[in-house]
Amino acid sequence: MPRNLRSRANPKSPARGMRASASLERVSPEGPQSARLTEVAGLPAEVSRQAQREMDRLRRLAPGSPEAGQVRAYLQWLWALPWERAAPEDVNLKQVEATLDREHLGLAKAKERIVEYLAVRRLKHDLPGPALCLVGPPGTGKSSLAAAVAHALHRPFVRLGVSGAGEVGGLRGVPRALPGAQPGKIVRALREAGVRNPVIMIDGVDRLIGETGLGAFETLLELLDPASSAHFTDQYLGLPLDLSHAVLLLCANNADLVPEPLQDRLELIEVPGYSEAEKLRIARRFLVPRLLREHGLAPGDLRLTDGALRTIVRQYTLEAGVRGLARQIATACRKVARVRATGDAKRHVITPRRLERYLGHRLFTLETAGKNDEVGVATGLAWTSTGGEILTVEALKMPGQGHLVTTGQLGEVMKESVQAAHSYVRSRADMLQIDAQAFAEYDIHIHFPAAGVPKEGPSAGITVGLVIASVLSDRPIRRNVAMTGEVSLRGKVLAVGGLRDKALAAHRAGFRTMLYPAVNENDLEDIPREVRDRLELVPVATMDDVFAVALHRVIVPRKVGDEYVIEVSEGDALPDAEDEEGAGGAETAGPEQAAKAPRKGRLLGPDGNEL
């Protein structure tokens, strides 16, 4: 090949390494030509000298020997890595914001924090602050958000998982002296990116558990340290790599499982689940057009109505993200593609009534609020890896010796929460008008349905306390109230997590009121506005507040002659009463007045029937 054509060869071409290697054979590691060689080859001086030593060694080996093949593979890795090649680092923050908003729906806080992180990196390249870790349930868009960041920065995007990298060789490579020598995942990611400053997403940092994850854990600590990341050394290469210019984004599903030393180097950014309205917008804006293209369908071949998409979200998926929603839409696309391939050109319009023809029977039954107020039945809210869920708690009393029985595969923390709620209700028996002998004469059985699913956590404390008070006082619980909160032994309602997902679950199930700990007041901003507008959010600081809102105040009038006498206290005065003066006084009312007076409770006659 002529010299002028050889100089214009593609720098990424595999032939580049072979030609440079051939030239290295003719150059000694020392001498005046060394600097010119480094400039032409595009390698740092230290890497160039290492390559020259390996070429000298290769010249002394037999061409067909296994050791010669190992040396050739090593040299190919040296020439394939982007030692000095970098993507432009000029960040247009307005363009980044526009790209993130265009390619990813919602998650305003996460996108705002990412833009702030990039702004600081633009002003100070050796950023000493913590790296970013996106935390959220599966399918909520953590990977797509990281890819959108790379697109906005005009940098290559590479993804590597560390959950399976039990040994240190998974990330750092296996030394050349050992069998199975090869570079680690980080070096392979750099070769795939082609530049030394890509956007690297490290997934699975919450699954580094036990002895097997120690090696990967130590490697991640080195990567997150700005000083050591500038001299990261792969065990296979034996040469330092500068990774300080790469943008590292870590991902995890559960923040509690991220090792504490690693959390000290990270800033956790929550990527919560989507509301039903957000899922519908994502499906209409992103999922349906993309899946139609992937299945070779035109936009006019298939149309899913809003009602059909809403039914898919409610009864064909049970998740916080949209991964299952995409699978169900893909199933419908395959059904239509099969018909189209047979020559049928008619347009398919999928409505809720026709949905089962394409997707089969509904997979899930939507949990909804009950139809009647019942004694001993309350609705709590729980957080799982798939988002918020409804948690029904049932209780009944039976003659016994005061035992407390719990069933439903409860964890130790939840069992302790039940004991604390029971003790508080017992201490407030007078206020709840519960006979003190009831705790000794009746056994209480508390059951959590769906017994096949393990249940853990303290957030059902106020729900358990409410059903115990209800079953012992024979007072029904309002059916349209859902609640969450941990209860202390003194009746304080303590903070809980996952308030946004729990509010979404309550709204999805049709509840009108949600009780939440007053100390979680600042978390209300995370709840979507359409949910806050339709759900009455009531803060509670103590269990007494829970009793006042969710427990019916049953007023039993006494018949005196031909009239009914209702004893009321100050603050419980009936709205139609003529006498609004003293507290604890008595008031007479005819049957018509008594029937329409109590809006906070029910009026029961002496026979127990509602008036």
Side-chain angles (χ1 to χ4, degrees), residues 109 135-137 140 252-258 268-273 275 320 367 378-393 406 408 410-425 446 448 450 453-469 477 481-509 511 513-528 531-532 535-550:
K109 284 190 175 182
V135 180
T140 51
N253 294 334
N254 192 340
D256 296 335
L257 298 181
V258 179
L268 303 180
I269 299 178
E270 184 180 1
V271 182
S275 66
E367 294 282 351
T379 303
L381 299 169
W383 184 91
T384 66
S385 59
T386 60
E389 289 187 3
I390 299 299
L391 181 67
T392 302
V393 182
T406 58
L410 309 184
E412 290 298 326
V413 175
M414 184 169 283
K415 290 180 179 178
E416 294 176 358
S417 182
V418 171
Q419 293 289 344
H422 179 264
S423 299
Y424 179 76
V425 172
I446 301 175
F448 292 76
V453 180
K455 304 170 185 67
E456 184 60 288
S459 62
I462 64 173
T463 312
V464 174
L466 182 63
V467 297
I468 295 175
I477 298 172
V481 176
M483 62 203 72
T484 181
E486 179 182 356
V487 62
S488 70
L489 198 58
R490 297 177 297 163
K492 303 293 185 181
V493 180
L494 308 180
V496 295
L499 193 65
R500 181 185 190 274
D501 292 329
K502 294 176 181 179
L504 295 178
H507 172 257
R508 184 169 59 245
F511 287 91
T513 305
M514 173 180 162
L515 309 184
Y516 69 94
V519 293
N520 283 97
E521 191 77 28
N522 295 332
D523 297 334
L524 295 183
E525 298 179 358
D526 299 333
I527 301 176
V531 176
R532 282 181 287 170
L535 190 65
E536 182 182 1
L537 301 171
V538 179
V540 289
T542 64
M543 275 300 302
D544 294 346
D545 297 337
V546 178
F547 297 148
V549 176

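Scope of the values below: all heavy atoms of this structure, side chains included, with no hydrogens, waters or symmetry mates. One-based numbering along the sequence shown. Note that the structure is a prediction, hence the values are computed from the model and not measured.
P528 places a side-chain heavy atom less than 4.5 Å from the side chain of R500. Contact of the L537 side chain with the I527 side chain is registered, since non-hydrogen atoms from C-beta on lie closer than 4.5 Å. Counting heavy atoms from C-beta on, the side chains of F448 and V464 come closer than 4.5 Å. L494 is not listed as a side-chain neighbour of V519, based on a closest heavy-atom distance of 4.5 Å or more. A heavy-atom distance below 4.5 Å is found between the side chains of K455 and L391.
Here the shortest heavy-atom pairing between A495 and N520 reads CA-OD1, 3.2 Å. Taking all atoms of both residues into account, the shortest heavy-atom contact from A421 to V487 is CB-CG1, 4.1 Å. Listed here is the closest heavy atom pair of L535 and A503: CD2-O, 3.9 Å. Minimum interatomic distance between V271 and P137 (heavy atoms only, all atoms of both residues): O-CD, 3.5 Å.
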- Message: Walk me through whether V493 and D545 qualify under side chain to side chain contact (heavy atoms under 4.5 Å, CB included).
- Response: CA-CA 9 Å; V493 180; D545 297 337; over 6 Å; no
- Task: Kindly indicate, with the supporting measurements, whether the criterion side chain to side chain contact (heavy atoms under 4.5 Å, CB included) is fulfilled by Y424 and I462.
- Result: CA-CA 10 Å; Y424 179 76; I462 64 173; over 6 Å; no
- Message: Run the side chain to side chain contact (heavy atoms under 4.5 Å, CB included) test on I390 and F511 for me, step by step, so that the C-alpha distance in whole Å, both residues' side-chain angles and the decisive distance to 0.1 Å come before the verdict.
- Response: CA-CA 10 Å; I390 299 299; F511 287 91; 3.9 Å; yes
- Give the C-alpha distance, both sets of side-chain angles, the deciding distance and a yes or no for side chain to side chain contact (heavy atoms under 4.5 Å, CB included) between S459 and K502. CA-CA 11 Å; S459 62; K502 294 176 181 179; 3.5 Å; yes
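A distance of 9.5 Å separates NZ in K492 from CG in D544, rounded to the nearest 0.5 Å. Going from atom CD of E270 over to atom CG of D501 covers 7.0 Å, rounded to the nearest 0.5 Å. From T406, atom OG1 reaches atom NE2 of H422 across 11.5 Å, with rounding to the nearest 0.5 Å. One finds the OG1 atom of T463 at 7.0 Å from the CG atom of L381 (value rounded to the nearest 0.5 Å). Distance check, rounded to the nearest 0.5 Å: CE of M514 to CD of E536 gives 12.0 Å. Here the straight-line distance linking atom CD of E412 with atom CD of E456 works out to 7.5 Å at 0.5 Å rounding.
Scored by the salt bridge (charged side-chain N to carboxylate O under 4.0 Å, His left out) test, K109 finds D526 as partners (sequence neighbours excluded).
Tested against Y516, the residues V538, V540, L524 include a single side chain to side chain contact (heavy atoms under 4.5 Å, CB included) partner, L524. Evaluated for a side chain to side chain contact (heavy atoms under 4.5 Å, CB included) with T484, the options T379, L515, L499 yield exactly one hit, L499.
No more than 12 heavy atoms of other residues, nucleotides or ligands shown are found within 6.0 angstrom of CZ on R490.
Under a 3.5 Å cut-off, the side chain of S417 and the backbone N or O of V413 do not form any donor-acceptor pair.
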